[in-house]
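Report on one structure; see the data block that follows.
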Amino acid sequence: MVFRSFMQQALDEARAAAARGEVPVGAVVVSPMGEVVARAGNRTRELADPTAHAEILAMRAACKALGSERLPGHDLYVTLEPCPMCASAISQARIARLYYGAADPKSGGVAHGPRVFTHPQSHHVPEVYDGIGAAEAEALLKAFFAAKR
């Protein structure tokens, strides 16, 4: 089987989030058949919802489309290392593989911070692949925050 990355679609969502004034993070849920089921960018400000992270919104949309609270066999591509809230939701959704771009030493929950998937309370641990499209994701984030200062 040939690996096909969907990080460019996640980066498109991140760019759209930045254009809306949101922190530029994007996410894409891909089915076991290799089809995009859902995609989203951050909308915390727009929706006045602290849980409206790209990963959460994409997984909600995918679950709704499939009529299930779980996404076994599905992949999640996200431009930034998921925070602890999102990492926990990824576990609850039973995502098979997590691909993320930029590391987040300050607020990450996968390789940094609480490392959610290492805890016994994490009932499901996805395969994790980091650094996919990291340079472009980091550049988007740096440009966004530089413009805010």
(request) Working to the nearest 0.5 Å, report the span between OH of Tyr99 and CD1 of Ile132. (result) 7.5 Å

(request) To the nearest 0.5 Å, tell me how far Leu80 CG sits from Asp104 CG. (result) 4.5 Å

Which atom names give the shortest non-hydrogen contact between [X] and [Y], and what distance separates them?
X: Gln9; Y: Ser5; answer: OE1-O, 4.3 Å
X: Leu141; Y: Ala102; answer: CD1-CB, 4.4 Å
X: Ala14; Y: Gly26; answer: CB-N, 3.6 Å
X: Ala87; Y: Pro82; answer: N-CB, 4.1 Å
X: Ala17; Y: Pro24; answer: CB-CA, 4.2 Å

(message) Enumerate the side chain to side chain donor-acceptor pair (under 3.5 Å) contacts for residues 73-87, please, sequence neighbours excluded, ordered by first and then second residue.
(response)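 Listed by first then second residue: Asp75-Arg97, Glu81-His112.
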
(message) Considering only residues two or more places apart or on different chains, which pairs with a residue in residues 21-42 satisfy side chain to side chain donor-acceptor pair (under 3.5 Å)?
(response) Glu13-Arg39, Glu22-Thr44

May I ask whether [X] and [Y] are part of the same hydrophobic cluster, defined by side-chain heavy atoms of I, L, V, M, F, W, Y residues being less than 4.5 angstrom apart, directly or through others?
X: Val110; Y: Val29; result: yes
X: Val78; Y: Ile90; result: yes
X: Phe6; Y: Leu71; result: no
X: Val25; Y: Met7; result: no

Which donor-acceptor pairs under 3.5 Å do the side chains of residues 53-67 make with protein atoms, sequence neighbours left out?
| unit_1 | atom_1 | unit_2 | atom_2 | d |
| --- | --- | --- | --- | --- |
| His53 | NE2 | Pro50 | O | 3.3 |
| Arg60 | NH2 | Thr51 | OG1 | 3.3 |

(request) Report yes if some heavy atom in the side chain of Leu11 is under 4.5 Å from a heavy atom in the side chain of Leu140; otherwise report no. (result)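 A side-chain contact under 4.5 Å exists here.
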
Using distance only, find each side-chain donor-acceptor pair of residues 116-128 under 3.5 Å and give its atom names and separation, not counting sequence neighbours.
| unit_1 | atom_1 | unit_2 | atom_2 | d |
| --- | --- | --- | --- | --- |
| Thr118 | OG1 | Arg115 | O | 2.7 |
| His119 | NE2 | Pro114 | O | 2.8 |
| Ser122 | OG | Ser91 | OG | 3.3 |
| Ser122 | OG | His124 | O | 3.2 |
| His124 | NE2 | Ile95 | O | 2.7 |
| Glu127 | OE1 | Tyr129 | OH | 2.4 |

(request) Report the residues that fulfil salt bridge (charged side-chain N to carboxylate O under 4.0 Å, His left out) with Arg20, sequence neighbours left out, ordered by chain and then residue number. (result) Glu46

(request) Please list, chain by chain and in numerical order, all residues satisfying side chain to side chain donor-acceptor pair (under 3.5 Å) with Gln8, sequence neighbours excluded. (result) Glu136

